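In what follows, a structure is listed as structure tokens, so that the remarks can point back to it.
Naming convention: chains lettered A, B, ... in sequence-line order (proteins, then strands); numbering from 1 in each chain. Since the model is a prediction, treat every value here as computed from it, not as a measurement.
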Amino acid sequence: MDLTNQLSFLATLIPEYLIILFLLIIVFMDFSTEKIAEKIPAVAMSGLLLALLANLFMTGTLYETEKLLAGGEIFVNDGFAFLFKFMILASSLIMVYFFVQDDEVNAYKTRKGEFYILFYSMVLGMMLLASANDLIAAYIALEVLSLPSYIAAGFLKVDKRSSEASLKYLLFGAVASGVMLFGISLLYFSMSSTSFQILVSNMSHGIGFDPVMILALIFIIGGFGYKISMVPFHFWTPDVFEGAPVSITTFLSVSSKIAGVAVFVRFIVYSFAGSNLMNQEIAGLGFNLNSFLVLLSILTMTVGNLTAIFQNNIKRMLAYSSIGHIGFIVAALAANSEQGLIAISSYLLIYTLMNFGAFLVVLLIKFRIGSEDIRDYKGLGYKMPFLSVMMVIFLVSLAGLPPTAGFWAKFYVFTALMEAKLYLLALFAIFNTVIGVFYYFRVMKVMYFEKSETAEPLPILTGGNKTVLLVLGLPLLILGIYFTPVVELARETLKIAGF
Amino acid sequence: MENNFILSLLLILSVGGSLLILLLPRENGSLLRVTGLVISLVIFLVSLFAWYNFDPRNPGFQFVEKASWIKGLGISYFVGIDGMSLLLVLLTTFITPLALLSTWKSIEHKVKEFTFFMLLLEAGMLGVFMSLDLFLFYIFWEAMLIPMYFIIGVWGGKNRIYASVKFFIYTMTGSLVMLVAIIWLANSGKEFTTDLTELYKLGPTLGLSAQNYLFAAFVLSFAIKVPVFPLHTWLPDAHVEAPTAGSVILAGVLLKMGTYGMVRFNLPLFPDATKVFAPYLAILAVIGIIYGSLVSMVQKDMKKLVAYSSVAHLGFVVLGIFGLTTESIQGAIIQMVNHGLSTGALFLLVGYLYERTHTRVIAEYGGIAKLVPVYATILLFISLSSIGLPGLNGFIGEFLILVGSFSSPVLNNPLYAIIAALGVILAAVYLLWWYQRMCLETVKNEKLNTLTDLNTRELFTLIPIMIVIVWIGIYPSTFLRLSEAFSSNLVSSITNALAK
């Protein structure tokens, strides 16, 4: 690699530099007077905004030159990475709003700086994940994301559930990353490389699957699967989601999953794309990697959705439902086609909006009625009309019904599945959508069809609350009518990525 | 044609109208009611204008509008109507104002939301009947579920929550199967397309097994909506719990979307599969006719009685559709309209009585003909139309269906029509017996002595229906000629496809 190429690659890392810079600024602010420390959220927000703008600018130049900026072998900055970094930064920006609103977190005034430092480390980890192109790099990025997450989950340290969440998360996480590291070393043992592309290049030289490789692959998929809570690596999810503060739960179920999906998709696509390895039967096992993904997808969506039905805690319900959504994304990945990748990117964009929306409503309700139990939502539809209408939009979109964007997201997954002739998977996807309708509508049912026992008025929403809800909700309706921009964006970025 | 914008205008008026309702003040109930009524009447007038400009001799689609929507997938905003859709569009725009008018007293709280949902529902129903793009059709089909869910769930009776969820889950399951079938079908040509006119050419060329699967997926979704026995169990619950206006719309228009879908999609898209499936669906239809009538007979709740009679009446429609002759399809189409009118009116009458007495148990009534003579006369009139008395609308539809399916070459067995004809007799039994128990005999219940007869507003909701009932009964050609070209064209194209 020549020097100019190297330098231009380094230039594309400007958003990451900005994040590191602001991370340090926050550290210093935390050390100084209380008055300065109070400004941390504002500074955190502006840092993210700058990084977001820088990222957009990078994408702009990328569009102009149309060249693939595969600057390093360890990290790649291509259209796919930029799209995901855009999602990560935008969602982190909204996350700061969540933190400001989350009174549970705000109760720890003196630890505010600490909280944002953790958050910034997570953002950095996620951005690195989005462009990781090497197993070691992916592993490190994953740890940069995970370690602060463990602490953040237990941020309310006097709260038993929060501490439990943190410990569980840590234990599961440690095992998962250990297993993944073991998988990486096994792969290195048989391939003498840790690059994502190694499988393709070795296979093209006629080396077939051997048992060690299969084991390694399963371990690595398990490591990634843990991060995006893919069944059967999902056991940490519900308890952690219930125990952690609402804002952290939101973060873990939305932002951190975007990054997890990014690296997982890149790993699968780079390892197998352009080859028929996905469909090549593994000797002695009677199935191929594709059917392995299909199996994981079916398990993930079915377990996630079925369990969600029985949840009364809305955070837990959304947690399980997010497992179900991951199942849809893995399904699109199993389609192993361009259409499938477009479906993944569009799905994630919409997933971010609607999940953020739903979680924000949960958070706002929690600090008004003091409960996260769905059964306590009785009659909210009339007590808080605006909030409830927005919740309906988010829930209808999560359920995947027209005329919301959630429908289109699911539609493109279905299209990809039908094109790839994965009919069984499509049937499971239908089955799961119906289950989803059932439990999402249960929330609406309680809010609108059941009468509240108390008549006391609730604290009203601030203008800021309403604006953020509209920012999240209106696109779901507008894109629900005209979805093409999302798909075009996904297609463009993938084209530049050369997938 | 110059007035090409008319269908979009209908949609814009109903969606825009519902949004307008949202802007009005919540406290002013009568303003909301009047605005809703006026909007729905304007929509009705516009649809009459469409009728006026409609050319009945042309079997193709008219007032066609097309605009690209999703380029990559060949999906477009594509609407147009032919004779069958025109009749159903007219039915929708005709029933909606009446349903709105009927609720002036019964819906007291949340008038704003109610009117909003009713107009939104109208937009969804109109969209379903006008879409010529499978995808657009699907969107309207699904979008209409949400207003109905709320109408049953918020303004319904005691068991409304159970009923609304059951309604939703049933329909949703069917529609998702249809969605997958739509994607499959759209994908089976050279390019992904959901344009119905393109698919009409593509569908019949598919192999038999593909046609069978696709047919089954589509028909499942439609059969749930109709509902065809044994998928009907959501219907009695939904009807009993829904508020009067909800029942009227449900019986009057919503159920027709299922039968409409069968005629619009199943028959022309998959002619070979239609031939395979027709006898089975005809059997289910006949079972539905007999079963629905027998179950109606033993109902204690009059709303349930009317609900089960819908299962029987729509059995006739399904039999007519799969009789696959010009007469039987003509009969099925006019019977969709008839059922909408008669059953809609029956639900209105049941609702008015319920508003006064708060009971729907038949045994608590008796002899009310003396107390409320106008009411009893109208009830008799509507019941007779529902039974199919010659001179009223029901007769025309049932007669055409029976004649058509008797000599149907596809069903090839007169037994279907013969057994179905029993249904006509059974309808007389359960409706007249009901009438006897309610209106004749002596007044046993003292509470009934304070019963008041229909007021002017209520008469205004019923008289237009009665006029149309007589009109269809005496001079059906006004309506039959609208769908004639369509039906004969459909049958000949299926025959041609089968002959190949």
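Atom NZ of A:K445 sits about 13.0 Å away from atom CZ of B:F168, to the nearest 0.5 Å. Rounding to the nearest 0.5 angstrom, the gap separating the CD1 atom in B:I139 from the CZ atom in A:F411 is 8.5 Å. A:T404 OG1 to B:E142 CD: the interatomic distance, rounded to the nearest 0.5 Å, is 10.0 Å. One finds the CG atom of B:L176 at 12.0 Å from the CZ atom of A:F431 (value rounded to the nearest 0.5 Å). The line from CD1 of B:I161 to CZ of A:R442 is 11.5 Å long, rounded to the nearest 0.5 Å. Taken to the nearest 0.5 Å, the CD1 atom of A:I435 stands 10.0 Å off from the OG1 atom of B:T173.
Contact of B:L179 with chain A is made through the side chain alone, with heavy-atom distances under 4.5 Å. Contacts between B:S164 and chain A at a heavy-atom distance below 4.5 Å involve the side chain alone, from C-beta outward. When heavy atoms are compared at a cutoff of 4.5 Å, B:I182 does not approach chain A at all. For A:Y382, the part lying under 4.5 angstrom from a heavy atom of chain B is the side chain only. Interface remark: B:V165 contributes side-chain atoms only to the contact with chain A (heavy atom separation under 4.5 Å).
Side-chain atoms of A:L401 and B:L145, non-hydrogen and from C-beta on, never get closer than 4.5 Å to each other.
Between B:Y77 and A:Y482, the distance from one ring center to the other does not fall under 6.0 angstrom. Taking the ring centroids of B:Y138 and A:W408, they lie at or beyond the 6.0 Å cut-off.
Listed here is the closest heavy atom pair of A:T415 and B:N187: O-ND2, 4.4 Å.
The ring pair (Phe, Tyr, Trp, His ring centres under 6.0 Å) test with B:Y149 singles out one residue from A:F449, A:Y440, A:Y448, and that residue is A:F449.
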